[in-house]
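For reference, the structure is listed below as structure tokens.
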Amino acid sequence: MCKEEDEVEKIVAAQRIAEQALEEVLNDIKVGVTEKEIAARLTYLMLHYGAENMSFDPIVVSGANSSKPHGVPG
């Protein structure tokens with residue numbers, strides 16, 4: 001299916017929001033910070049930078065959880 005120009009613009013805008021939030025949240029990843037805290041911060045940042053809502057809960061996993069493609073933050 002071919003995307004209309006306005007659809008492509010929305011996809012690009014969403015990607016920019018996600019990239020900006022990820023760049024910022026990378027600074028928060030430290031020993032002792034939980035996956036849930038990072039997921040919450042990522043959600044906040046995406047909304048802060050203009051997301052209307054989240055399509056799905058962010059998947060923020062590490063260590064043993066990182067092998068789960070749809071893992072739940074712990």
Working to the nearest 0.5 angstrom, can you tell me the gap between [X] [atom1] and [Y] [atom2]?
{"X": "Gln20", "Y": "Glu23", "atom1": "CD", "atom2": "CD", "result": "7.5 Å"}
{"X": "Ile38", "Y": "Lys30", "atom1": "CD1", "atom2": "NZ", "result": "8.0 Å"}
{"X": "Lys10", "Y": "Glu52", "atom1": "NZ", "atom2": "CD", "result": "8.0 Å"}

Testing the basics here: between Ala39 and Pro58, what is the closest heavy-atom pair and its distance to 0.1 Å?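 So the minimum-distance heavy-atom pair works out to O-CG, 3.7 Å.
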Locate the shortest heavy-atom distance separating Met46 from Ala21; write the atom from each residue and the value.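 In terms of heavy atoms, the two residues are closest at CG-CB, 3.5 Å.
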If hydrophobic clusters are built from ILVMFWY residues whose side chains come within less than 4.5 Å, do [X] and [Y] share one?
{"X": "Val60", "Y": "Leu45", "value": "yes"}
{"X": "Leu26", "Y": "Ile17", "value": "yes"}
{"X": "Ile29", "Y": "Ile59", "value": "no"}
{"X": "Met54", "Y": "Val25", "value": "yes"}
{"X": "Val33", "Y": "Val61", "value": "no"}

Take Val12 and Gln15, measure what side chain to side chain contact (heavy atoms under 4.5 Å, CB included) needs, and give me the verdict at the end. CA-CA 5 Å; Val12 169; Gln15 181 61 34; 5.7 Å; no
Glu5 and Val8, any side-chain heavy atoms less than 4.5 Å apart: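 The answer is no, as the side chains (C-beta and beyond) never meet within the 4.5 Å cut-off.
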Determine whether more than 12 heavy atoms belonging to other residues, nucleotides or ligands lie under 6.0 Å from atom CG of Asp28.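 Enclosed.
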Could you walk me through whether Glu24 and Tyr49 satisfy the side chain to side chain contact (heavy atoms under 4.5 Å, CB included) test, starting with their C-alpha distance in whole Å, then the side-chain angles of each, then the deciding distance to 0.1 Å, before giving a yes or no? CA-CA 11 Å; Glu24 192 165 330; Tyr49 288 126; 2.2 Å; yes
Give a yes or no answer on whether the side chain of Glu37 reaches the backbone of Thr34 with a donor-acceptor pair at less than 3.5 Å.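 Judged by distance alone, yes, a pair lies under 3.5 Å.
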Judged by atom type as modelled, is there a donor-acceptor pair below 3.5 Å linking the side chain of Glu7 to the main-chain atoms of Glu4?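 Indeed, once roles are kept as given, a pair shorter than 3.5 Å links the two residues.
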